[in-house]
Amino acid sequence: DAGVIQSPRHEVTEMGQEVTLRCKPISGHDYLFWYRQTMMRGLELLIYFNNNVPIDDSGMPEDRFSAKMPNASFSTLKIQPSEPRDSAVYFCASSLRGAEGRNEQFFGPGTRLTVL
Amino acid sequence: SQKIEQNSEALNIQEGKTATLTCNYTNYSPAYLQWYRQDPGRGPVFLLLIRENEKEKRKERLKVTFDTTLKQSLFHITASQPADSATYLCALGGSKLTFGTGTRLQVTL
């Protein structure tokens, strides 16, 4: 398997523009997570899905952020409008629910977003 | 609120020595604790998972301990090598993980 695939790897945009980040999880995994990583705040969970259904979006910073998972092999994270403080590395991760509910997560390479 | 603390200062050790990293948590009763490694420009990679009823877990040169009374986990790398240089993150939870901010380990010759 190719692992978790994210695109684009780098995105530079201007404030106010819409940004869409894409993720393809590992085939067969039933959980998908979106994280944001910055030096100041570390790795923060934004939202996660189970079987394509959003379970917890309490980490989504505000209404400018939205995420969808139309099928088991694709998810998007959209920021509209983008702001300079959204600049960060965004990771997608997937996992397969194991015995006793424990899940090791497999991370993608991340998308480095810069909002000017 | 839940809080996970890892030493924010980098840990510098000499090749061949044992590196010990600490993860402390408060306001949390996790069933599982996980350790991940992150290299610059890459996503975290899972290393080890330990359950609350396990005191210790080993994998090759890695050892993790989990003390639910002290609310602390220790992560050891024995016979460290320069290739072990990376940032190490602890994470608590089950399906949903909360990550610490990580400790950067630098192993020198």
Side-chain angles (χ1 to χ4, degrees), chain A residues 2-7 9-10 21 23-26 29-51 53-60 88-113, chain B residues 1-10 21-26 28-54 57 59 62 64 66 68 73 75 86-104:
Chain A
V4 175
I5 299 172
Q6 292 186 247
S7 65
R9 293 295 310 277
H10 302 273
L21 311 182
C23 175
K24 176 178 168 55
I26 292 173
H29 281 190
D30 55 353
Y31 283 86
L32 184 139
F33 306 83
W34 282 102
Y35 291 89
R36 177 173 67 176
Q37 188 173 42
T38 62
M39 288 294 292
M40 290 295 294
R41 300 175 67 90
L43 193 62
E44 301 174 284
L45 178 65
L46 300 177
I47 184 172
Y48 78 96
F49 297 82
N50 178 221
N51 292 322
V53 176
I55 302 301
D56 186 343
D57 66 354
S58 59
M60 296 286 259
V89 180
Y90 291 80
F91 287 104
C92 175
S94 70
S95 69
L96 178 65
R97 181 178 175 86
E100 304 168 80
R102 60 178 176 85
N103 294 9
E104 62 181 85
Q105 296 185 13
F106 295 81
F107 283 76
T111 295
R112 181 174 294 277
L113 173 65
Chain B
S1 62
Q2 297 169 351
K3 194 172 182 182
I4 303 171
E5 291 185 339
Q6 294 185 255
N7 194 340
S8 59
E9 292 184 13
L21 286 70
T22 304
C23 175
N24 294 297
Y25 59 93
T26 56
Y28 212 135
S29 296
Y32 308 101
L33 187 146
Q34 301 184 22
W35 283 89
Y36 287 75
R37 168 183 173 143
Q38 186 173 23
D39 291 285
R42 295 178 177 268
V45 175
F46 171 80
L47 295 175
L48 278 170
L49 177 150
I50 187 167
R51 299 182 183 85
E52 61 179 342
N53 60 353
E54 295 178 317
K57 198 80 167 280
K59 180 182 177 182
L62 309 181
V64 172
F66 192 11
T68 55
S73 175
F75 177 80
T87 295
Y88 292 85
L89 305 162
C90 70
L92 279 69
S95 300
K96 174 181 175 180
L97 292 177
T98 301
F99 282 83
T101 52
T103 298
R104 189 163 61 88

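Residue contact with chain B, scored on non-hydrogen atoms closer than 4.5 Å, is absent for A/R112. With a 4.5 Å cut-off on non-hydrogen atoms, A/D56 touches chain B through its side chain but not through its backbone. Looking at A/Q37, only its side chain comes within 4.5 Å of chain B, counting heavy atoms on both sides. Neither the backbone nor the side chain of A/F106 comes within contact range of chain B; no heavy atom of the residue lies under 4.5 Å from a heavy atom of that chain. Using a 4.5 Å cut-off between heavy atoms, A/L43 touches chain B through backbone and side chain atoms alike.
Once rounded to the nearest 0.5 Å, the distance linking CD of A/E44 with OG1 of B/T98 reads 10.5 Å. Interatomic distance, B/T101 OG1 to A/M39 CE, rounded to the nearest 0.5 Å: 10.0 Å.
The minimum heavy-atom distance linking A/Q105 with B/F46 is given by the pair O-CB, 4.2 Å. Closest non-hydrogen pair, B/K96 versus A/S58, comes out as NZ-OG, 3.9 Å.
Looking only at side-chain heavy atoms (C-beta outward), A/Y35 and B/L97 come within less than 4.5 Å of each other.
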